[in-house]
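Note that these values count all heavy atoms, side chains included, but never hydrogens, waters or copies made by symmetry.
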Amino acid sequence: MSDADDVLGAALPLEYAEDLDPLLDRIGDASCVLLGEASHGTHEYYAWRAAITRRLITERGFSVVAVEGDWPDCRRVGRSVTLAPGGAEDPRTALDAFERWPTWMWANEETVRFCRWLREHNAGLPPDERAGFYGLDVYSLWESLRAVVDHLAEHRPEYLGTALEAYRCFEPHGEDPRSYGWNTALVPDGCAEEVMALLTRLRRPVSHGDSRDPDEELDVRQNAEVAAGAERYYRTMIGGGPESWNVRDVHMADTLDRLMDFHTHGAQTGRAVVWAHNTHVGDARATSMADAGMVNLGQLARERHGRDRVVIVGFAGGPGEVVAAPRWGDPMEVMTVPPPAHGSLEEVLARSELHRGMFVVPPERDMPGFFTGTLGQRAIGVVYDPDRDPRQYVPTRLADRYDVLCWFRITSALAPLHMEAARRGELETMPSGV
């Protein structure tokens with residue numbers, strides 16, 4: 001039997017929302033579903049993640065949507081979709097306010113459509129049953145510190161002095177993470193002591209039974225966690241190697257656990273769906289990342305919660321278009337994605353001429369070679385050069401990296417909200433990985 005026959009024999013249809021039934025069967029009672037993407041700028045990945053998430057929320061009681069985004073920005077979106085006091089009446093307003101490059105990751109029409117749906121869904125539910133929208137990432141050091149200072153000044157002034165000490169420690173760096181990173185190469189501990197003193201004071205369990213507003217307590221605690229995580233990230237970033245990547249993904253895993261705990265009510269465990277790049281959600285142990293000493297969110301989720309409680313869905317696509325930038329901080333562009341590299345997973349899938357499909361990893365180990373062999377899988381980040389596409393592949397054992405793979409033979413670009421602003425160079429930049 002040829003590779004094409006193997007692919008067609010294993011593929012399930014993926015054209016309509018009801019085609020997701022086998023995926024929901026695979027998810028079963030899992031409490032955590034991680035949905036990937038092979039780029040940060042492909043329409044199909046965002047649209048189908050949204051379709052999966054809608055079904056998880058309406059049919060399986062999922063109450064957390066956690067994305068590879070900054071906590072403060074995503075909290076504004078979360079307040080809108082949960083109809084919280086002071087939240088924007090239209091989630092588009094909150095998403096349009098994203099200013100840090102690369103804004104297109106979440107400030108796009110696909111995310112607007114999902115968040116408008118989520119707000120409408122939540123409107124018919126009691127406040128404590130509404131599904132939230134949260135950011136998992138670690139970059140918002142200064143925004144999170146300011147949020148902590150503002151909160152403590154109003155609600156807990158006895159801690160304000162500790163917060164101001166942390167904030168003043170960072171002030172000489174002018175909100176420039178590279179400046180902080182380079183300076184801590186000379187003073188290795190940087191502001192770690194000040195941030196940890198703040199975090200120690202704020203690190204307390206947050207639940208809906210708290211005498212204070214639980215959402216506000218979650219917010220200030222998480223902003224303090226972000227400040228601590230970001231301080232470690234920028235301090236290790238300058239040295240290179242896997243350490244800064246690991247700081248970031250451990251932070252995301254810790255935040256995910258915190259959100260699931262927060263949304264646990266009695267015997268009902270909080271159930272979360274994650275949107276992040278394949279390099280974060282696909283188990284690192286099934287890729288070359290492990291050889292480089294890297295861990296990631298998918299690996300940590302499986303280790304902490306068990307394989308039976310976590311389902312990982314990867315995404316892959318063929319040629320088409322993607323939104324990305326040629327260099328860090330450059331304006332976003334709609335770029336052409338070439339046909340997949342020879343010997344890659346995408347080339348095997350494309351040769352079958354399957355338009356789109358879903359592959360559920362079977363429980364038995366007797367499965368086609370493209371499930372079990374090591375094949376490169378394309379990984380497009382926010383920076384992309386189509387001429388160097390053959391270097392954009394992660395050696396992957398599909399059956400170990402994911403539980404399910406969604407495939408799209410032709411891909412199309414996202415619809416960003418800020419394309420014109422990006423062309424004018426009006427967006428703030430910040431160091432990042434994929």
Side-chain angles (χ1 to χ4, degrees), residues 23-38 45 49 52-53 55-57 60-71 74 131-138 218 222 225-226 229 233 242-264 268-290 292-316 360-361 363 377 379 394 396-406 433-434:
L23 172 56
L24 266 69
D25 291 341
R26 174 62 185 82
I27 290 169
D29 295 328
S31 56
C32 186
V33 176
L34 282 63
L35 304 178
E37 59 183 359
Y45 306 151
R49 286 193 306 196
I52 295 167
T53 304
R55 292 198 61 180
L56 291 176
I57 290 171
R60 298 297 174 88
F62 277 63
S63 56
V64 174
V65 181
V67 307
E68 185 187 337
D70 289 337
W71 177 266
C74 292
F133 186 96
Y134 303 95
L136 295 175
D137 226 326
V138 74
L218 173 68
Q222 184 58 30
E225 296 282 358
V226 170
Y233 176 82
E243 188 175 356
S244 62
W245 173 279
N246 292 346
V247 166
R248 186 179 171 210
D249 272 55
V250 169
H251 172 87
M252 289 199 281
D254 291 345
T255 303
L256 177 61
D257 291 348
R258 200 170 297 121
L259 291 170
M260 292 173 68
D261 288 343
F262 182 73
H263 281 265
T264 294
Q268 181 62 48
T269 301
R271 308 182 80 184
V273 56
V274 173
W275 295 3
H277 200 278
N278 287 340
T279 49
H280 294 295
V281 305
D283 194 322
R285 295 169 295 183
T287 74
S288 58
M289 297 168 67
M294 302 165 77
V295 299
N296 70 358
L297 177 57
Q299 172 186 341
L300 294 168
R302 281 176 167 176
E303 289 175 344
R304 294 179 182 187
H305 299 282
R307 288 289 295 262
D308 59 332
R309 303 295 296 169
V310 176
V311 173
I312 300 176
V313 182
F315 285 70
V360 178
V361 176
Q377 185 185 0
V394 178
T396 294
R397 296 188 309 278
L398 171 59
D400 296 318
R401 191 178 188 188
Y402 310 115
D403 299 294
V404 179
L405 181 74
C406 296
V434 292

Any residue meeting salt bridge (Lys or Arg N to Asp or Glu O under 4.0 Å) with Asp308, in chain and number order, not counting sequence neighbours: none
Check whether Arg248 reaches the backbone of Gly229 with its side chain - one donor and one acceptor, N or O, closer than 3.5 Å. no
Ignoring hydrogens and geometry beyond distance, is a side-chain donor-acceptor pair present between Arg401 and Thr396 at under 3.5 Å? yes
With ring centroids as reference points, do Trp245 and His280 lie under 6.0 angstrom apart? yes
Between Phe315 and Tyr45, what is the ring plane arrangement, given parallel below 30°, perpendicular above 60°, and tilted in between? perpendicular
On a heavy-atom basis, the closest approach of Gly314 and Asn278 is CA-OD1, 3.7 Å
pair Val313-Cys406: side-chain heavy atoms closer than 4.5 Å: yes
Which word best sums up how the rings of Tyr134 and Trp71 line up, parallel for under 30°, tilted for 30 to 60°, or perpendicular for over 60°? parallel
Check salt bridge (Lys or Arg N to Asp or Glu O under 4.0 Å) between Arg49 and all other residues, then give those that pass, not counting sequence neighbours. Glu37
Taken to the nearest 0.5 Å, the spacing of His305 NE2 from Ser31 OG works out to 6.5 Å
Measuring only between side-chain heavy atoms, which start at C-beta, is Val67 closer than 4.5 Å to Val274? no
Side-chain donor or acceptor of Thr264 paired with backbone N/O of Gly270 under 3.5 Å: yes
Find the distance between CG (Asp403) and CG (Leu23) and round it off to the nearest 0.5 Å. 9.5 Å
How many angstroms lie between CG in Asp70 and CG in Leu136, if you round to the nearest 0.5 Å? 10.5 Å
Evaluate the side-chain proximity of Leu35 to Val281: yes if any heavy-atom separation is below 4.5 Å, no if none is. no
Quick note, salt bridge (Lys or Arg N to Asp or Glu O under 4.0 Å) partners involving residues 272-289, not counting sequence neighbours, are Asp283-Arg285, Asp283-Arg302, Arg285-Glu303
Nearest-0.5 Å distance, CG of residue Asp137 to CE of residue Met252: 5.0 Å
